[in-house]
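Indexing begins at 1, ligand by ligand and atom by atom, following the structure's order.
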Amino acid sequence: MPMIFPDNTPSISDQTSWQPTIWLLWLLSALFLFVWLAPYFHSFEKIAAFLTLHNILETLSVAFAALIFVTGCQSNIGARSLNIMLISCAFLAVALLDFGHSMSCPGMPLFVTPAGPSKAIAFWLAARFISALSLLLAIALKWKTLTFSYSRNLVFLFFVAYAVVAYWLILLHPQSLPKTYLSGTGFTTFKIIAEYAITLMLIAATILILLFIGNRHTDNDYSRNLFKAAAIMVLSELSFVVYSNPSDIFTLLGHCYKILAFYFLYKAVYSASVKSPHEKLQTLQNRGEIEMELAQITLSSIGDAIVTTNYDGTILFLNRIAESLTGWSQDEAEGKPLNEVLHLVNQMTRKPLINPAFLAVRDNKTVIDEPNNHSLLISRANKEHAIEYTASPICNAEGYVLGSVLVFHNISEKFQLMEQISWQAGHDTLTHLPNRTLLSDRISQAIAHASRQQHLLLVCFMDLDGFKAVNDLHGHELGDKLLIEVARRLINVVRSNDTVSRLGGDEFVLLLNEVNTMDEVDILITRVLEEMARPYQIAQQTLKISASIGMTVFPFDSSDTDTLLRHADQAMYQAKQKGRNRFHLFDASMDLQVQEHHQLLSRLEQAVSNKELLLHYQPKINLKTSKVMGMEGLIRWQHPEQGLLEPLDFLHLAEDSNLIVDIGNLVLHEALSQIAEWHAAGHDWVISVNIAARQLKQHDFINNLQTILAQHPGAPASMLELEILESSALADLEHVRNIILTCQKMGISVSLDDFGSGYSSLAYLRHLPVNTLKIDQLFVRDMLDDEEDCALVDGILQMARVFKREVVAEGMETAAHGALLLKLGCTVAQGYGIARPMPAAEVADWAAQFKPDPRWQNYPAALVGWGHIATETNKVQAELLLYKV
Ligand code: C2E
Ligand code: MG
Ligand code: MG
């Protein structure tokens, strides 16, 4: 049980406060001794009118005893202590018994029974005993608080019962009590022993007080007065022990001491039950006020806004930040309903929010703002602040909700920043259109919507035609402006519920919702194309571009965002291929082709690693001498199921991927191994290999070539020839020129394959220092029938002579072709008319048995003087002559 007054523990060493007490007791003891020992005072053995004096003194002591009872028992300070209750209730009994004593003194009228010394002494002893006992108990027992009123009532009833029993015995059954006075002999031994016993009890009480100072009660005043009271009571009792006559000086002194003791006891009880609690309360109140002031200062210094309300939401307090955010001062807001001062709405819906303070009070728990609340505080001046809040109930010690405290802070800046970040995550910063991330979301939503509403949903992939040229010609700045204008036009042309998005570069996606018929689509997309093709006026430049659009329609096509976008993209490529500035609707079979393509490609990859690719060799012959000049290595795929496949069946699959580079390297290794083998066998056949455009573009082409060469030391570089397609050489003239020169330095010769098909001008040829031109087989094959082709072949041959380049004619299918080639001055040829491409293993045998066809060898002489203009005639004549041979 906690002490009520836990501080200021007193001690006897607290010299200053105890000194007067000690002095007083010395004085009173000295007085007692003086009266006792001085013979003079013994002459006052019988004081005149003692009864009246006695009555006055007893009345005073009854009054003090009653005061002790009332003060101790009726002070209503919290839970009273057992110790004070013992004293105060005992003194009610003392008051009653002393009254009985006063009424029983000889000379007093009838008080139920006649007055007499025995009756008076009985009342006296009963009163003294209970007072001494109560003091002893109050001091000896630990300080204990009586929380419940019934325990206090018990104490009260005990002492009342004591008084009642004493009265009952003394008035109605005096004979049952021991004798205390005998007329003639005076006081009985019992009486004297009783007085001594009471004196001893009081002495014990006095000693205990000194022992327990600060232990039983922390109030110094209480201990001091209690000590004085007990000590003076001892003196009082001693006076009654030494007296000889009921009306002598000792009786008078004893009564005076008793009154004085009661007075100090009253002060002790008053101090413990009135003065001390009051001072304590005063201290607490002062401390409370200071704490309140501190709390106010603290609340005002906090960076967050704070509003407190009472239980029904009436505002009690606003700190400075809350004042500035709400626009209400403390004085204006105090007593106003919370909703009037704190106007909260949802930022998105603008709907009023339930004030969190009410929720905190209602549910008796802390309410924390959630990000999706988007709480917005609208101030008195209609200023809006995005806020984040916490509302908590204010509860008393018993847990009852008294009100609420709402803490909030302005997050407008943070909110704007967050909005900006989230906007950037979903938008293209140049055109401010939704980007791919946001578009994916929109497509998902649109799919769900279209499914519910049973509408068509169109995903259109748009790519600008000619945008790259604008960028290259006018720079990126203008290109950006053009994209912004394109975006603006797109937004204007589509409907408000459609989405225009930019994926990057010049790629846009239109998401057209709620379409009912394909006719609608037609009209809408045609309008978009027209808008895109309308000239643009940007930075004093008039620009013309157009757009190609690929479309796919949900629900005819997949319900998956990525697939829809991919399909629209494929359809856009179709539109481009068909000639741009048009739209194309995705069709599923096209998708199948793409899938098939992927499958074939991975099968080809597998073929490379399974070593299913090999080279066949087609000889090149000097028509005049019939010497085998070399071989062209041509790739074949020995397919396990489909047999031998030719390059046209599979090579295109790899052309757009790096697989073509891997294949090229494989061919180089294969050819070099073959060169080494044939070279060792004494065949000086130059082997040519075809280099794909993509491989030629590799920045490490030369390094790679050198590495491969180094791995085949038996193959002289001069035996290797690279065939570069005329078209790929023209694509990056400078790069290819450097490659040619470097290869030639390494001893590798280079030929321009399919020459004539790329229409290279003389100027280009001058920059491409190739060793050989391989005339495109299309011209050679058709030269017998086509006058122009014949003229072309003739032209190429003359050009080669001027530029001092070797020439190989491809596609020499027949002896007639050979005859005409010789006639035109072309000596080296390759074609079915000589030999078809064959496996390496067959080459040596073929070469050993190869004999030149006498028809083309004899033919030139027979043709002397023939022009080659009249092709038809040439052909017929050549044929006739050949048959004659
Ligand atoms: P190309 O380099 O122009 O090769 C000549 C093609 O003409 C070969 O076809 C050959 O069989 C064919 N040919 C030869 N003489 C005649 C003839 O008298 N009449 C007809 N109609 N055709 C004749 P092939 O082997 O199917 O190769 C086709 C093309 O594939 C080659 O044309 C070349 O561009 C490419 N190619 C072949 N092998 C490779 C290779 O290893 N790598 C790369 N990148 N391309 C290769
Ligand atoms: Mg070739
Ligand atoms: Mg060719």
Exercise for review: Show your working on side chain to side chain donor-acceptor pair (under 3.5 Å) between Q618 and Q830 and close with a plain yes or no.
Suggested key: CA-CA 7 Å; Q618 188 179 30; Q830 173 186 349; 2.8 Å; yes
Point to revise | Sub-4.5 Å side-chain heavy-atom contact between Q777 and M812 | key: no
Review point. Does I635, backbone or side chain, put an N or O under 3.5 Å from an N or O of ligand 1?
Key: yes
Review point. Counting backbone and side-chain atoms alike, does N690 have an N/O/S atom under 2.8 Å from the Mg ion (ligand 2)?
Key: yes
Exercise for review: For ligand 1, indicate whether the residue Q695 contacts it via side chain, backbone, both or neither (heavy-atom separation under 4.0 Å).
Suggested key: neither
Review point. Any ion pair linking D562 and R566 (charged N to carboxylate O, less than 4.0 Å)?
Key: no
Practice item. Give the single entry among M812, R636, E670, Q777 that approaches atom 22 (N) of ligand 1 most closely by any heavy atom. Key: Q777
Exercise for review: May I ask you to decide whether R603 forms a salt bridge with E612, counting only side-chain N to carboxylate O separations under 4.0 Å?
Suggested key: yes
Check your understanding: Out of L613, L634, V667, L615, whose heavy atom is nearest to atom 8 (C) of ligand 1?
Key -> L634
Review point. Between R836, H652, Q618, which one has a non-hydrogen atom sitting closest to atom 10 (C) of ligand 1?
Key: Q618
Review point. What part of I660 sits under 4.0 Å from ligand 1 if we count only heavy atoms: the side chain, the backbone, both or neither?
Key: neither
Practice item. Determine whether any heavy atom of R781 lies closer than 4.0 Å to an atom of ligand 1. Key: yes
Check your understanding: Are K774 and D754 close enough for a salt bridge, meaning some N to O gap below 4.0 Å?
Key -> no
Check your understanding: Name of the D753 N, O or S atom nearest the Mg ion (ligand 2)?
Key -> OD2
**Study point:** N/O/S atom of E810 inside 2.8 Å of the Mg ion (ligand 2), strictly under
**Key:** no
Practice item. State whether the shortest distance between N or O atoms of Q830 and N or O atoms of ligand 1 falls below 3.5 angstrom. Key: no
Study note, to complete from the structure: For the Mg ion (ligand 2), the nearest N/O/S atom on E632 is atom OE2
Check your understanding: Which pair of heavy atoms, one from R805 and one from L768, lies closest together, and at what distance?
Key -> NH1-O, 2.9 Å
Exercise for review: Run the contact test for E632 against ligand 1 with a 4.0 Å cut-off on heavy atoms, strictly below, and give the result.
Suggested key: yes
Check your understanding: Does the pair E810 and K620 meet the rule for a salt bridge (charged side-chain N to carboxylate O under 4.0 Å, His left out), with working shown?
Key -> CA-CA 9 Å; E810 281 186 329; K620 299 172 197 170; over 6 Å; no
Practice item. For this output row, return yes or no: ring centroids of W678 and Y617 closer than 6.0 angstrom. Key: yes
Review point. Out of curiosity, is H817 lining ligand 1, as in a heavy atom under 4.0 Å away?
Key: no
**Study point:** Whether V689 lies under 4.0 Å from ligand 1, heavy atom
**Key:** no
Review point. Where's the contact between L725 and ligand 1, heavy-atom distance under 4.0 Å: side chain, backbone, both or neither?
Key: neither
Review point. What is the ring orientation for H683 with W685, classed by angle as parallel under 30°, tilted 30 to 60°, or perpendicular over 60°?
Key: parallel
Check your understanding: Which option, I724, I834, D753, N690, owns the non-hydrogen atom nearest atom 40 (C) of ligand 1?
Key -> N690
Revision key, fill the gap. Checking distances from the Mg ion (ligand 2), one finds that the N, O or S atom of E723 closest to it is OE1
Review point. Distance-only, no hydrogens or angles: does the R737 side chain make a donor-acceptor pair with backbone N or O of H767 under 3.5 Å?
Key: yes
Point to revise | Proximal ligand 1 atoms for G831, defined as those under 4.0 Å from one of its heavy atoms | key: 15 (N), 18 (O)
Exercise for review: State, yes or no, whether a side-chain contact exists between L696 and V736 at a heavy-atom distance under 4.5 Å.
Suggested key: yes
Point to revise | Within 6.0 Å of OH in Y536, more than 12 heavy atoms from elsewhere | key: yes
Review point. Has D754 got an N, O or S atom lying less than 2.8 Å from the Mg ion (ligand 2)?
Key: no
